[in-house]
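Order of the sequence lines sets the chain letters (A, B, ...), proteins ahead of strands, with each chain counted from 1.
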Protein chains: 2
Amino acid sequence: METRHAKTVQTAGFKLTPPRQAVLTALESGDDHMTPAEVLARAQAIYPSLGRATVYRTLELLTNLGIVRPIFLGERGVCLTLAEGGHHHLICSDCGAVVEFDECPVSELEQELAERLNFQIRGHLLEFYGLCAQCQG
Amino acid sequence: METRHAKTVQTAGFKLTPPRQAVLTALESGDDHMTPAEVLARAQAIYPSLGRATVYRTLELLTNLGIVRPIFLGERGVCLTLAEGGHHHLICSDCGAVVEFDECPVSELEQELAERLNFQIRGHLLEFYGLCAQCQG
DNA sequence: CGATAATTGAGACCTGATCTCACTGAGACG
DNA sequence: CGTCTCAGTGAGATCAGGTCTCAATTATCG
Ligand SMILES: [Mn+2]
Ligand SMILES: [Mn+2]
Ligand SMILES: [Zn+2]
Ligand SMILES: [Zn+2]
């Protein structure tokens with residue numbers, strides 16, 4: 001019950017077990033683009049007997065609850081992020097370089113879509129892809 | 001040399017072979033969110049002896065050339081799209097529903113980032129995620 | 001405290017993706 | 001022409017993440 005999202009798990013009717021707490025802590029304290037393997041490693045550091053299947057099950061649960069969100073970073077494959085907020089990436093299709101940026105022209109649209117389509121929006125991903133300076137040919 | 005992107009392959013110094021043409025045609029004529037398996041099936045319909053490995057190799061080549069772009073649609077996994085242009089999705093974290101929308105508040109920012117960071121931008125992906133009307137609890 | 005149903009870890013299993021390797025065929029060159 | 005070279009290819013072996021199964025455990029509630 002100490003991690004930021006523990007209560008969401010409980011009020012949704014799921015048990016707040018040590019394995020789940022370990023996964024939550026791993027996600028909340030770690031880098032924001034962790035692969036499942038990295039989440040597993042981090043969470044096992046907290047709770048050593050943790051099994052791989054449990055991590056995948058927990059990630060699916062947290063995704064369904066809207067706490068976590070899988071995104072796909074070309075080179076790294078699927079990574080996990082906390083759902084809240086935005087991600088803004090510029091990605092080179094050739095070498096895979098990822099640049100993050102801060103500008104976000106999206107919030108008014110978010111508002112409007114949420115109302116029009118009756119969606120409860122938690123976060124977003126804005127990615128531009130193309131060729132970085134080095135890879136332009 | 002008949003498909004829309006054939007020339008790009010050639011001018012980059014790669015051979016425009018029948019297997020590659022088949023993959024290009026599959027991509028250009030098919031749905032815009034095809035899994036690798038669907039691309040394989042479609043391309044094999046055009047060129048039956050086509051092997052799986054060749055499809056993956058070609059998709060990687062086309063990705064590096066900036067023609068094609070893998071994106072990750074939660075439920076469906078990785079899908080391939082033509083890189084040019086934008087994708088705008090609203091995705092339910094719980095049931096996986098994907099709604100497409102048309103508004104795009106992104107082009108001015110695209111321009112600015114391209115100049116500032118010296119990127120040649122080909123396309124973008126804007127995804128909102130949250131809970132659809134049915135899945136809000 | 002039990003009762004009960006959810007949750008778990010180990011390991012078998014599956015499946016998509018990658019690698020290996022012998023082969024092909026389109027040019028380059030004499 | 002003949003021959004060399006080398007990018008490209010398909011078949012199939014292999015690999016690696018991810019999923020499933022199942023018996024054991026445990027959070028939660030009355
Ligand atoms: Mn990010
Ligand atoms: Mn789309
Ligand atoms: Zn690059
Ligand atoms: Zn939904």
Is there a side-chain polar atom (N or O) of [X] under 4.0 Å from OP1 or OP2 of [N]?
X	N	result
A:Arg20	C:dT8	yes
B:Thr54	D:dG10	yes
A:Gln10	D:dT28	yes
B:Thr17	D:dT9	yes

Could you check how far [atom1] of [X] sits from [atom2] of [N], rounded to whole Å?
X	N	atom1	atom2	answer
B:Leu59	D:dG8	CG	P	15 Å
A:Phe14	C:dT7	CZ	C1'	12 Å
A:Arg76	D:dG17	CZ	P	13 Å
B:Leu24	D:dG8	CG	P	14 Å
B:Glu60	C:dG16	CD	C1'	16 Å

Mind listing the residues from residues 31-51 of chain B sitting with a heavy atom below 4.0 Å of DNA chain D? Number order is fine.
->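 Heavy-atom cutoff 4.0 Å gives B:Tyr47, B:Ser49, B:Leu50, B:Gly51.
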Would you mind classifying the nucleic acid contact of B:Arg52 as base, sugar-phosphate or nothing, using non-hydrogen atoms under 4.0 angstrom?
->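 Base: the residue B:Arg52, judged by heavy atoms under 4.0 Å, touches a nucleobase.
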Is there a donor-acceptor pair under 3.5 Å between the side chain of [X] and the backbone N or O of [Y]?
X	Y	answer
B:Arg69	B:Leu80	no
B:Glu100	B:His88	no
B:Tyr47	B:Pro19	no

Are B:His89 and B:His33 near enough that their ring centres are under 6.0 Å apart?
->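 Yes.
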So with a 6.0 Å cut-off around CD of B:Glu60, is the heavy-atom count from everything else above 12?
->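 For B:Glu60, atom CD is not crowded (no more than 12 foreign heavy atoms under 6.0 Å).
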Assign each of B:Arg57 and A:Gly13 to its nearest nucleotide of DNA chain C by heavy atoms, then name whichever residue's nucleotide is nearer the 5' end.
->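 That would be A:Gly13.
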Sidechain N-carboxylate O distance under 4.0 Å for A:Glu38, A:Arg76 |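 Counted as a salt bridge, because a side-chain N and a carboxylate O are separated by less than 4.0 Å.
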Below 4.0 angstrom, N of the basic side chain to O of the carboxylate: do B:Glu103 and A:Arg116 qualify?
->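 Between A:Arg116 and B:Glu103 there is a salt bridge, with a charged N closer than 4.0 Å to a carboxylate O.
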Per A:Pro19 side chain, nearest of listed nucleotides D:dA27, D:dG12, C:dT8 =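 The listed nucleotide nearest to A:Pro19's side chain is C:dT8.
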Closest listed nucleotide, where the reference is the side chain of A:Lys15 and the choices are D:dG8, D:dG12, C:dA6 =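 It is C:dA6.
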